[in-house]
Amino acid sequence: MQVFGLLGNPVSHSLSPPMHEAAYEERGIDARYVTFEPDTEDIEDAIVGASALGIQGLNVTIPFKQDVLALVDPDDLAARIGAVNTVDFSGRKPTGHNTDAAGVRRAFAHHDVALDGRAVVVGAGGAGRAAAFALADRGMDVVIANRTVERAHDLADEVDGASGHGLDALEALVPDADVLVNATSVGMESDETPVPPETLHADLAVLDAVYTPIETRLLREAAATGATTIDGGWMLLYQGVAAFERWTGRDAPVDAMNEALRARI
Ligand code: NAP
């Protein structure tokens, strides 16, 4: 039996186990997906131990995504984002990857959104970094708006052609945007939005990384203008799809994974 899992703290409410186990069942793979909650100071032992025990792959979430970067051999994208959410133990040294970026790109692709023109990324934390690099790597003109404006400037300095702003710039930036990503936690478990509703428009495609609730205020207000809306479940699904494909070398059963996820969101 193969073992995969998720390293984070807390992880008890994670939707990844049912999503990945649905994929193993659909593909006839004898595997389990297990959650692990090491103490912060034990993260290095956890990676070394997982490798020694023959665990095939781990996803990584808060608060370990940055720490794990230094403990594995990161690929170029994970190194630029500065965070690892997927570890592959199949080589001599564990390798680190960031499938949140693939999650962003493939969520848009699933909804037939062309990634060209201007993208506004709201947020400069882990999800914001993944979105900014993912969209800039596709050739989009990326602008980043963040509550702490220095973080937006710092990220913009690292992303090709990007500019950084405070949230007050959204009023001027969003009307000209083709794509908008909310990569802040605003809207999570609360009916709030970081984006002024009057700036939203029908030519916009909006991805909200937040998936609790699945329909956020931002998505509701965007849909009312005729914009294309993409909930955070799609990003979550496709980061898992990309991890499954990396670990198993097989096409992921996207529909089965999505069904398992949506049943629990
Ligand atoms: P993070 O690294 O802690 O970053 C949080 C971001 O939210 C920062 O930009 C922060 O701004 C901003 N923020 C927090 N509270 C705010 C407020 N009251 N007003 C304005 N901005 C605020 O977190 P993260 O890992 O990037 O996650 C962000 C969100 O994305 C979470 O809801 C998470 O669940 C979601 N996410 C979803 C997926 C998915 O697959 N769907 C994947 C990853 C993350 P400051 O810099 O000013 O603090």
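Indexing begins at 1, ligand by ligand and atom by atom, following the structure's order. Along the sequence shown, residues carry numbers from 1.
- Not a single heavy atom of G103 lies less than 4.0 angstrom from ligand 1.
- Looking at D100 and R129, no side-chain N of the basic residue comes within less than 4.0 Å of a carboxylate O on the acidic one, giving no salt bridge.
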Self-check item: Full working for ring-ring contact (aromatic ring centres under 6.0 Å, His included) between Y24 and F4
Solution: CA-CA 11 Å; Y24 307 146; F4 301 93; 5.5 Å; yes

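- Scanning the protein for heavy atoms near atom 29 (C) of ligand 1, the closest one is T184 O, 3.5 Å.
- No N or O atom of Y211 sits closer than 3.5 Å to an N or O atom of ligand 1.
- When only non-hydrogen protein atoms are considered, atom 14 (C) of ligand 1 lies nearest to S185 OG, 3.3 Å.
- Residue contacts with ligand 1, taken as heavy atom pairs separated by less than 4.0 Å, involve M188 solely via side-chain atoms from C-beta onward.
- Residue T148 has at least one N or O atom closer than 3.5 Å to an N or O atom of ligand 1.
- At a 4.0 Å heavy-atom cut-off, ligand 1 touches R151 through the side chain alone.
- The closest donor-acceptor contact from the side chain of D208 to the backbone of G232 lies at 3.5 Å or more, if one exists at all.
- No side-chain heavy atom of L207 sits under 4.5 Å from any side-chain heavy atom of L180.
- Under the 4.0 Å distance rule, the nearest protein heavy atom to atom 26 (O) of ligand 1 falls inside the cut-off.
- Residue-level proximity to ligand 1 for A130 is absent, since no heavy atom of it falls below 4.0 angstrom.
- The protein non-hydrogen atom at the shortest distance from atom 28 (C) of ligand 1 is A183 O, 3.5 Å.
- With a 4.0 Å cut-off on non-hydrogen atoms, V186 touches ligand 1 through its side chain and not its backbone.
- The cationic atom of R262 (NZ for Lys, CZ for Arg) lies less than 6.0 Å from the six-membered ring centre of W234 and within 45° of the ring axis.
- Under the 4.0 Å distance rule, the nearest protein heavy atom to atom 33 (C) of ligand 1 falls outside the cut-off.
- Under the side-chain hydrogen bond (donor to acceptor under 3.5 Å, both in side chains) criterion, the residue pairs touching residues 160-178 are S163-H165, with sequence neighbours excluded.
- Taking the centre of each ring, W247 and H97 stay at or above the 6.0 Å mark.
- Under 4.0 angstrom from ligand 1, the non-hydrogen atoms of A127 come from both its backbone and its side chain.
- Checking only distances, D100 never comes within under 3.5 Å of ligand 1, N or O to N or O.
- Taking atom 2 (O) of ligand 1 as the reference point, the nearest protein heavy-atom neighbour is G126 N, 2.9 Å.
- Residue-to-ligand polar distances keep I62 apart from ligand 1: every N/O pair is separated by 3.5 Å or more.
- Ranking protein heavy atoms by distance to atom 30 (O) of ligand 1, first place goes to A209 CB, 3.6 Å.
- Some N or O of N146 is nearer than 3.5 Å to an N or O of ligand 1, by distance alone.
- When only non-hydrogen protein atoms are considered, atom 18 (N) of ligand 1 lies nearest to R147 NH1, 3.4 Å.
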